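Protein chains get the first letters and strands the later ones, always in sequence-line order, with residue 1 at the start of each. All values derive from a computational prediction rather than experimental measurement.
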Amino acid sequence: MRKNYTYPAVKGMRDVFPPEASLYQRLESRARKLLACYGCGEIRTPLLEHARLFERGVGQGTDIVNKEMFFVPSKDQAEDGRKENARQMVLRPEATASVVRAYIEHEMDKISPGVLRYYYIGPMFRYERPQRGRLRQFTQIGVEVLGSALPMTDAEVIIMLEDFLSSLGLQRLTFLLNAVGCPRCRPGYIRKLQVYIGGRQSQLCGDCHLRLDKNPLRVFDCKQPLCRELMARAPVVQDDLCADCAAHHAAVLNLLDRAGIKYQRDARLMRGLDYYTRTVFEVTSSDLGAQNAVAAGGRYDNLVAELGGPPTPAIGWSLGMERILEILPREPDKSGKPFDIYVVSPGGDAIRTFFKVMALRRQGLRIGLEHEPRSVKAMMKRADRLGARWALWAASENPEKVEIKNMATGEQISLGWDDLPRVVGK
RNA sequence: GUGGGCGUAGCUCAGUUGGUUAGAGCGCUAGGUUGUGGUCCUGGAGGCCGCGGGUUCGAGUCCCGUCGUCCACCCCA
C-alpha cells in the first residue's frame with residue numbers, strides 16, 4: 001500500500017480486482033443455478049435496516065447485536081451526536097431478519113400462499129476485529145424457506161447446502177447437527193442445566209460465569225479445558241426435548257440418513273442467534289484458521305410471529321463466500337483467454353483501426369487495443385502476457401488488410417478485416 | 001474489547017556488534033534482433049527503510065509513542 005495515503009479503504013473492507021473477482025462470479029453463478037433447481041427465487045433486500053429489526057430478531061443477548069452492529073447515523077443524528085439518536089439504523093449484519101421483515105411487510109403469505117423459497121447473495125457488515133476469514137464486510141449466500149414445519153423441509157434445506165458444497169469439490173468439511181428444542185421444552189432444559197452448572201460454578205472460567213446468567217447454553221461453546229470437561233458430562237438437550245421436537249428430530253435424521261448425508265450429531269452446537277428452534281447445523285472446515293465455520297443455519301419457527309407476522313415456521317442457512325473461496329481448490333481458470341485478438345500494431349491509420357476494432361467488438365469479438373502503443377516487440381510481449389489468442393498487425397499499405405499470428409502455433413496469415421470474425425471466432 | 005507478531009522498491013524478502021552513495025529475485029521498461037511473444041544476455045527507472053519523538057558524533061538497525069496490518073482470544077459466515 002502507498003504509505004501515508006490520505007484516503008485508505010476503511011478497516012476490514014477489501015477491494016477485489018479482476019482475476020479474483022471472477023472467482024466470486026463463478027461461485028455466484030453456480031449457486032444461482034443450483035438453488036434454482038430447488039425452487040428458490042432470488043430476494044434482494046436493502047443493506048440498511050432499522051437497528052430494532054435485529055435487536056428484536058437476532059436477539060438482545062447476542063454478540064451480533066451487542067457489539068458487532070455497524071451503526072449508520074442520518075445527517076441530523078450525526079450532528080446531534082446523542083447516542084440514542086445515532087443508533088437507529090444499521091448496515092445489516094445478517095439477512096434472515098431482513099427476509100422475514102420483507103415477507104411480513106409485503107404480506108407474502110397472502111399474495112403467494114404455501115411454502116416460499118428464497119435465496120440471497122450479498123454483503124453483510126459486522127464491526128469486529130478483522131482476522132483470517134473475518135472481514136467487516138463479507139459476502140453471504142443464503143437460503144430461507146418459509147411456511148413449512150415438516151421434517152422433509154429440514155432435510156431438503158440441508159441437502160441443498162450439502163449439494164452445493166460438494167459440487168464445489170470442497171474437502172475436509174464437517175457437517176454438525178443438533179436439535180435445540182422449542183419454547184415448550186427449552187426452558188425446562190435450561191433450568192436443569194443451570195442447576196448442574198450452578199453446583200460446580202467454581203470450576204468455570206471467567207467468561208463462563210458471565211455466560212451462566214446471560215445464556216447458559218453458551219457454556220457449551222467454551223474452549224477452556226476445564227469447562228469442556230465439566231460440560232462433557234452436562235445434561236444434553238436431546239434428553240429433554242418435548243415429544244414433538246423429539247419426533248421431528250428423529251424424522252429429520254432418518255431422512256438425512258436415507259439421503260446419504262454424512263453428519264455428526266453435536267449436542268454442544270448452539271447457534272449464537274436467539275431465533276433458532278429445533279434443527280440447527282453448521283459446516284466447518286479444517287483448512288481454515290480459528291474462523292472455521294463455512295456455513296450455518298437452522299430452523300426459526302417463531303421469528304416471523306416474533307417480528308409481527310402470522311405464525312409461520314421457517315428454516316434457512318447461509319454461507320460465507322470469502323471463507324469458501326479461501327478453501328476452494330485452485331482449479332485452473334477455465335474462463336478462456338481474455339482476448340481473441342490483441343492489436344500489436346495499428347498500421348498507418350490508427351483512427352481507421354480504432355473504428356475497425358469497434359465494429360468487430362460489436363460482433364462479439366474480444367479485442368485488446370492500446371491507444372498508446374509501444375514497440376511491436378513490447379506489444380507482442382504484452383499480448384503474450386495477457387493471453388491473447390491472436391496478435392494483429394494492421395497493414396500500412398492496404399487499409400483493408402491485416403496480418404494475424406496465432407500465438408499458440410506461431411502460424412501467421414494475411415487477410416481482410418471482414419474475414420476476422422469467421423477465422424478468429426470460435 | 002483483550003493479548004501477541006510484523007511494517008525496507010509494485011510483489012517476496014536480505015540488510016553483519018548502530019558507521020559513509022540501502023541490496024537481491026520477480027515484475028516494469030529500453031536494447032541485443034532497423035515492426036514479431038514465451039528462453040537467454042545487457043542497461044534503465046523505481047525507496048521520507050509506516051509516521052512522530054528520543055538516545056548517539058552517527059539510527060533501516062536501539063528506546064518510547066502512534067498508525068497500519070496479521071494472528072489468537074471473544075464470537076461468528
*Under 4.0 Å between any heavy atoms, over every strand shown, what does Gln137(A) touch: base, sugar-phosphate, or nothing? Just pick one.*
nothing
*Yes or no on side-chain hydrogen bond (donor to acceptor under 3.5 Å, both in side chains) for Arg101(A) and Thr45(A), after CA distance, side-chain angles and deciding distance?*
CA-CA 9 Å; Arg101(A) 194 220 82 233; Thr45(A) 63; 5.6 Å; no
*Describe the nucleic acid contact of Arg323(A) in one word from base, sugar-phosphate, nothing, applying a heavy-atom distance below 4.0 Å.*
base
*Looking just at side-chain N and O atoms, do Gln140(A) and Glu94(A) make a donor-acceptor pair shorter than 3.5 Å?*
no
*asked:* Quick check for you: among U29(B), U2(B), G31(B), whose closest atom lies nearest to any side-chain atom of Lys377(A)?
replied: G31(B)
*Would you mind calling G35(B) syn or anti? Take O4'-C1'-N9-C4 for purines or O4'-C1'-N1-C2 for pyrimidines, and syn is within 90° of 0.*
syn
_Arg191(A) atom CZ: more than 12 heavy-atom contacts under 6.0 Å_ = no
*Closest to side chain of Lys11(A), choosing from C73(B), U69(B), G35(B)*: U69(B)
_Without decimals, in angstroms, what is the distance between Ile64(A) CD1 and C75(B) P?_
13 Å
*Side-chain donor or acceptor of Glu128(A) under 3.5 Å from a matching atom on the base of C74(B)?*
no
*asked:* Counting the atoms with a prime plus P, OP1 and OP2 as sugar-phosphate, which does Gly142(A) contact under 4.0 Å by heavy atoms, base, sugar-phosphate, or nothing?
replied: nothing
*How far does the P atom of G27(B) sit from the matching atom of C11(B), given to the nearest Å?*
15 Å
*For Tyr127(A) and for Glu282(A), locate the closest nucleotide of RNA chain B by heavy-atom distance; then report the residue assigned to the nucleotide nearer the 5' terminus.*
Tyr127(A)
*Round to the nearest Å and state the distance from Glu370(A) atom CD to G35(B) atom C1'.*
16 Å
*From U29(B), C76(B), U36(B), pick the nucleotide closest to the side chain of Arg382(A)?*
U29(B)
_Over 12 foreign heavy atoms within 6.0 Å of CZ, Arg44(A)_ = no
*For nucleotides G50(B) and A9(B), find the distance between their C1' atoms and express it as a whole number of Å.*
14 Å
*asked:* So if I take every side-chain heavy atom of Arg132(A) and compare against U36(B), C74(B), A72(B), which nucleotide ends up nearest?
replied: A72(B)
*Donor-acceptor pair under 3.5 Å: do we get one between Lys67(A)'s side chain and the base of C75(B)?*
no
*Using the P atom in both, what is the distance from G53(B) to G10(B), to the nearest Å?*
24 Å
_Pair assignment for U34(B), Watson-Crick or G-U wobble, requiring both distances under 3.5 Å_ = none
*May I ask which nucleotide in the shown strands pairs with G44(B), Watson-Crick or G-U wobble, both distances under 3.5 Å?*
C28(B)
_Stacking check Phe138(A) vs A77(B) (5.5 Å / 30 deg)_ = yes
_Short side-chain N/O contact from Gln131(A) to OP1 or OP2 of C71(B), under 4.0 Å_ = no
*What distance, rounded to whole Å, do you find between the two P atoms, one in C63(B) and one in G68(B)?*
22 Å
_Do Asp257(A) and Tyr263(A) pair up side chain to side chain, a donor and an acceptor below 3.5 Å, judged on atom types alone?_
yes
_U20(B) versus C57(B) - spacing of their C1' atoms, nearest Å_ = 13 Å
*Any idea which of G35(B), U29(B), A77(B) is nearest the Arg134(A) side chain?*
A77(B)
_Under 4.0 Å between a side-chain nitrogen and a carboxylate oxygen: does that hold for Asp384(A) and Lys381(A)?_
no
_Using a 4.0 Å heavy-atom cut-off, does Ala378(A) contact any base of the nucleic acid, only the sugar-phosphate backbone, or nothing at all?_
sugar-phosphate
*If you check every side-chain atom of Arg385(A), which of C28(B), A30(B), G35(B) has the closest atom?*
C28(B)
*Pairing partner of G58(B) (Watson-Crick or G-U wobble, both distances under 3.5 Å)*: none
*Starting at atom CG of Asp15(A), determine the distance to atom P of U69(B), rounded to an integer number of angstrom.*
12 Å
_Could you identify the nucleotide paired to U17(B), looking across every strand shown and requiring Watson-Crick or G-U wobble geometry with both distances under 3.5 Å?_
none
_Rounded to whole Å, please give me the gap between CD in Glu68(A) and C1' in C75(B)._
6 Å
*Provide the distance between the two P atoms, one in U21(B) and one in G25(B), to the nearest whole Å.*
23 Å
*So does Glu322(A) pair up with Arg14(A), basic N to acidic O under 4.0 Å?*
no
*asked:* Applying the Watson-Crick and G-U wobble criteria at under 3.5 Å, what pairs with G7(B)? Answer none if nothing qualifies.
replied: C67(B)
*Whom does A77(B) pair with, Watson-Crick or G-U wobble, provided both distances fall under 3.5 Å?*
none
